[in-house]
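Below you'll find the structure, written out as structure tokens, and then a few comments.
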Amino acid sequence: MAEHGPKCRAVATSGHIPVTRRMLEAMPDLGIVACSSAGFEAFDIAALAGRNIALTNTSAALCGDVADAAIMLMLAARRSLVSADAYVRSGGWGRNGMFPLQRTIGGRSLGIVGMGAIGQAIASRAAGFGMKIGYWNRRPRDVPWSYHPDLTALARNSDNLVIAVAGGPETRGLISARVIEALGPEGLLVNVARGSVIDEPALIAALSDGRLGAAALDVYAHEPDPDPRLAALSNVTLFPHHASGTVETRDAMAQLMVDNLDAYFAGRPLVTPVDLSRYL
Ligand code: 8YV
């Protein structure tokens with residue numbers, strides 16, 4: 001950094017790699033950090049804002065596939081896709097009793113935690129399944145779904161709860177033991193946001209003793225080595241932080257990062273700038 005930093009005007013990176021104050025100090029001419037991910041909780045936002053360095057991200061490119069993955073996880077958990085697949089492969093179909101009946105999602109309630117672009121994409125898909133949709137957000141949004149200012153009450157009134165908020169200190173542990181308890185023994189918790197949003201020890205305890213029905217997780221407190229107790233639970237469906245992992249979306253994310261850099265160097269308005277003041 002000491003050698004090359006002074007020549008850098010832009011940084012292209014992923015949100016999972018820290019951008020620290022010390023790194024920024026080594027780049028006195030830096031004008032933009034173009035992030036290839038939606039999340040950027042590893043970045044020192046105060047240090048970026050203090051220097052007026054622009055930040056761009058790619059949530060606009062991935063919300064469709066992440067919303068699809070949330071619905072996929074909800075259906076996979078509710079319809080026992082993983083154990084059904086194992087059941088057919090085992091050759092035991094029709095020999096060891098019937099495969100158990102599952103729970104429908106049509107007409108059931110869905111609580112969405114976070115009504116940004118991803119939350120809205122999840123809601124419009126869930127509406128197609130005839131689900132009753134409520135949401136929690138820091139403030140109400142101009143959407144046709146019912147707003148619940150109290151997250152615990154939303155969980156209590158939801159059969160399924162999907163997390164779609166940004167990570168970072170503001171949402172750390174938002175899905176607390178109390179919220180998990182409110183979702184209850186028939187409830188399903190789906191997380192396509194960040195592992196840090198859930199109190200994971202409380203989640204594991206509730207899943208283990210039946211106080212929470214099931215969980216379907218794309219993200220974990222520890223990646224890529226999630227708590228092994230999660231993999232040991234039959235009421236958990238696991239996905240390897242891959243909600244945006246399609247050829248089309250990863251291409252679109254990379255292209256959006258490049259488009260932002262092009263705009264910056266051409267002196268045009270950035271395509272997807274992040275309003276840093278929202279994160280200070
Ligand atoms: C990917 C994500 O895991 O964009 C994000 O914030 O968490 C995911 O889309 C990641 O960006 C790929 O590196």
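Just the heavy atoms: all of them, side chains too, but no hydrogens, waters or symmetry mates, feed the values below. Both ligands and their constituent atoms are indexed starting at 1 by order of listing.
Of all the heavy atoms in M27 and R51, the pair that sits closest is O-NH2, 2.6 Å.
Counting only residues at least two apart or on different chains, the side-chain hydrogen bond (donor to acceptor under 3.5 Å, both in side chains) pairs with a member in residues 166-182 are R138-E170, E181-R211.
Put simply, CD1 on I45 and CD1 on I53 are 10.5 Å apart, with the number rounded to the nearest 0.5 Å.
Counted within 6.0 Å of CD on E186, heavy atoms from surrounding residues, nucleotides or ligands total 12 or fewer; the atom is thus considered open. Counting heavy-atom neighbours within 6.0 Å of R103 CZ, excluding the residue itself, gives a total of 12 or less.
N260 places a side-chain N or O within donor-acceptor distance of the main-chain N or O of T272, the cut-off being under 3.5 Å.
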Considering only N or O atoms, set out every pair between ligand 1 and the protein closer than 3.5 Å, with distances to one decimal place.
residue, atom, partner, partner atom, Å
ligand 1, 3 (O), H241, NE2, 3.1
ligand 1, 4 (O), A38, N, 2.7
ligand 1, 6 (O), A38, N, 3.3
ligand 1, 6 (O), G39, N, 2.8
ligand 1, 6 (O), R194, NH2, 2.7
ligand 1, 7 (O), R194, NH1, 2.9
ligand 1, 7 (O), R194, NH2, 3.2
ligand 1, 7 (O), H241, NE2, 2.7
ligand 1, 9 (O), S244, OG, 2.7
ligand 1, 11 (O), S37, OG, 3.1

